[in-house]
Amino acid sequence: MSGDILLFGRSVRDMAMAEISQTVGTVLQDPERQILGSYVLNEVAFGLESLGLPRLEIIPRVDAALAQLGILHLRDRETFGASGGEKQKIALAGVLAMAPKILLLDEPSLGLSPLLVKENFRVIQRLNQEGITIFLVEQNVRQTLAISTYVYVLSKGRVVAQGLAAELSQDREVRQAYFG
């Protein structure tokens, strides 16, 4: 590997993982691999507790993240009983409670019903409009182009197109490859 990644002008090589995690939040495609807590409250509070924040600060941040995603009613439930869509939102709430400036989302529509896919994309778009930069890895090209500003299209690990989403959605080759 070569190159460097700069995060707000600093090389990530010079940053501790705890420092990076306070700026960049990641939600994996399989929330089962990300959720550790038995209860939603504990799960969403986990990152904040790891930072050593006082409980008086943690609880309001947990509640705010859950409310932001419309799942405050899940706060005291066990995580294992949550649906796949709820687990994705629980994992996202845990990341949002950390107040990241950047979100990395890996396949947030994977395995969800069409209704939940639309809802997730609305949430992603709203978070972006609220000022969070979002890097989205997604195979749902149509939805991605609809909410994105700039897009890289990959095929077999190579960039085959890049540009403004509005332009790429009109590109003949992209449309033919992804929309038939």
_Using side-chain contact (heavy atoms from CB on, under 4.5 Å), reason through Tyr39 and Thr79 one step at a time and then give a plain yes or no._
CA-CA 5 Å; Tyr39 288 88; Thr79 55; 5.6 Å; no
Contact check, side chains of [X] and [Y], non-hydrogen atoms, under 4.5 Å:
X: Phe135; Y: Val24; result: no
X: Lys87; Y: Gln34; result: no
X: Val95; Y: Pro100; result: yes
X: Val137; Y: Leu105; result: no
X: Leu136; Y: Pro108; result: yes

For [X], which residues count as a side chain to side chain contact (heavy atoms under 4.5 Å, CB included) partner, sequence neighbours excluded?
X: Leu6; answer: Asp4, Ser11
X: Ile132; answer: Leu96, Leu103, Leu127, Ile134
X: Val160; answer: Val153, Ser155
X: Asp30; answer: Glu32, Arg33

As an exercise, state the distance from [atom1] of [X] to [atom2] of [Y], rounded to the nearest 0.5 Å.
X: Asp106; Y: Gln29; atom1: CG; atom2: CD; result: 4.5 Å
X: Leu164; Y: Thr149; atom1: CG; atom2: OG1; result: 8.0 Å
X: Ile5; Y: Arg13; atom1: CD1; atom2: CZ; result: 8.5 Å
X: Leu69; Y: Gln88; atom1: CG; atom2: CD; result: 11.5 Å
X: Asn120; Y: Ser113; atom1: CG; atom2: OG; result: 9.0 Å
X: Leu112; Y: Phe121; atom1: CG; atom2: CZ; result: 9.5 Å

State plainly whether one hydrophobic cluster holds both [X] and [Y], where clusters connect Ile, Leu, Val, Met, Phe, Trp and Tyr through side-chain heavy atoms under 4.5 angstrom apart.
X: Ile35; Y: Phe46; value: no
X: Leu28; Y: Ile90; value: no
X: Val123; Y: Met98; value: yes
X: Leu110; Y: Leu116; value: no
X: Leu154; Y: Leu104; value: no

*For Asp76, check salt bridge (charged side-chain N to carboxylate O under 4.0 Å, His left out) against everything at least two apart and list the hits.*
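Residues passing salt bridge (charged side-chain N to carboxylate O under 4.0 Å, His left out) with Asp76: none at all.
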*asked:* If the condition is salt bridge (charged side-chain N to carboxylate O under 4.0 Å, His left out), which residues does Arg122 pass it with, not counting sequence neighbours?
replied: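 Arg122: no salt bridge (charged side-chain N to carboxylate O under 4.0 Å, His left out) contacts found.
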*Is there a donor in the side chain of Ser109 and an acceptor in the side chain of Glu138, or the other way round, less than 3.5 Å apart?*
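A donor-acceptor contact under 3.5 Å links the two side chains.
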_Show me the pairs that pass salt bridge (charged side-chain N to carboxylate O under 4.0 Å, His left out) and involve residues 96-105, at least two apart or across chains._
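For residues 96-105, and leaving out neighbouring residues, there are no salt bridge (charged side-chain N to carboxylate O under 4.0 Å, His left out) pairs at all.
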*Just grab all the salt bridge (charged side-chain N to carboxylate O under 4.0 Å, His left out) pairs involving residues 123-134, residues at least two apart or on different chains.*
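Counting only pairs at least two positions apart or across chains, the salt bridge (charged side-chain N to carboxylate O under 4.0 Å, His left out) contacts touching residues 123-134 are Arg126-Glu130.
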Identify all side-chain donor-acceptor contacts of residues 14-22 below 3.5 Å with residues at least two apart in sequence or on another chain.
| unit_1 | atom_1 | unit_2 | atom_2 | d |
| --- | --- | --- | --- | --- |
| Glu19 | OE2 | Arg10 | NH1 | 2.4 |
| Ser21 | OG | Met17 | O | 3.4 |
| Ser21 | OG | Ala18 | O | 2.9 |
| Gln22 | NE2 | Ala18 | O | 3.3 |

Quick check: closest heavy atoms across [X] and [Y], and the distance to 0.1 Å?
X: Thr144; Y: Asn140; result: OG1-O, 2.8 Å
X: Ala165; Y: Val151; result: CB-CG2, 3.8 Å
X: Gly163; Y: Leu168; result: N-CD1, 3.6 Å
X: Ala65; Y: Ala97; result: CB-N, 3.8 Å
X: Val117; Y: Gln143; result: CG1-NE2, 4.0 Å

*Apply the test side-chain contact (heavy atoms from CB on, under 4.5 Å) to residues Asn128 and Ile124: give CA-CA distance (whole Å), side-chain angles for both, the deciding distance (0.1 Å), then the verdict.*
CA-CA 6 Å; Asn128 183 243; Ile124 292 166; 5.7 Å; no
*Please assess Leu7 against Ile102 for the test side-chain contact (heavy atoms from CB on, under 4.5 Å), listing each intermediate value before the final yes or no.*
CA-CA 10 Å; Leu7 187 59; Ile102 299 171; 3.6 Å; yes
*Would you please name every residue forming a ring-ring contact (aromatic ring centres under 6.0 Å, His included) with Tyr152, sequence neighbours left out?*
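So Tyr152 forms a ring-ring contact (aromatic ring centres under 6.0 Å, His included) with Tyr150.
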*Only counting residues at least two apart or in another chain, list the ones meeting ring-ring contact (aromatic ring centres under 6.0 Å, His included) with Phe80.*
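ring-ring contact (aromatic ring centres under 6.0 Å, His included) check on Phe80 returns nothing, list empty.
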*Leu66 and Leu74: CA distance, side-chain angles, deciding distance, side-chain contact (heavy atoms from CB on, under 4.5 Å) verdict*: CA-CA 8 Å; Leu66 292 170; Leu74 300 178; 5.7 Å; no
_Keeping Glu43 on the side-chain end and Gly37 on the backbone end, is there a donor-acceptor pair under 3.5 Å?_
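Judged by distance alone, yes, a pair lies under 3.5 Å.
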*Please answer whether the main-chain N or O of Leu145 pairs with a side-chain N or O of Ser148 as donor and acceptor at a distance below 3.5 Å.*
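Not confirmed, Ser148 side chain does not pair with Leu145 backbone.
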*May I have all residue pairs that pass side-chain hydrogen bond (donor to acceptor under 3.5 Å, both in side chains) and include part of residues 49-60, sequence neighbours excluded?*
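Output for this query lists Glu57-Arg61.
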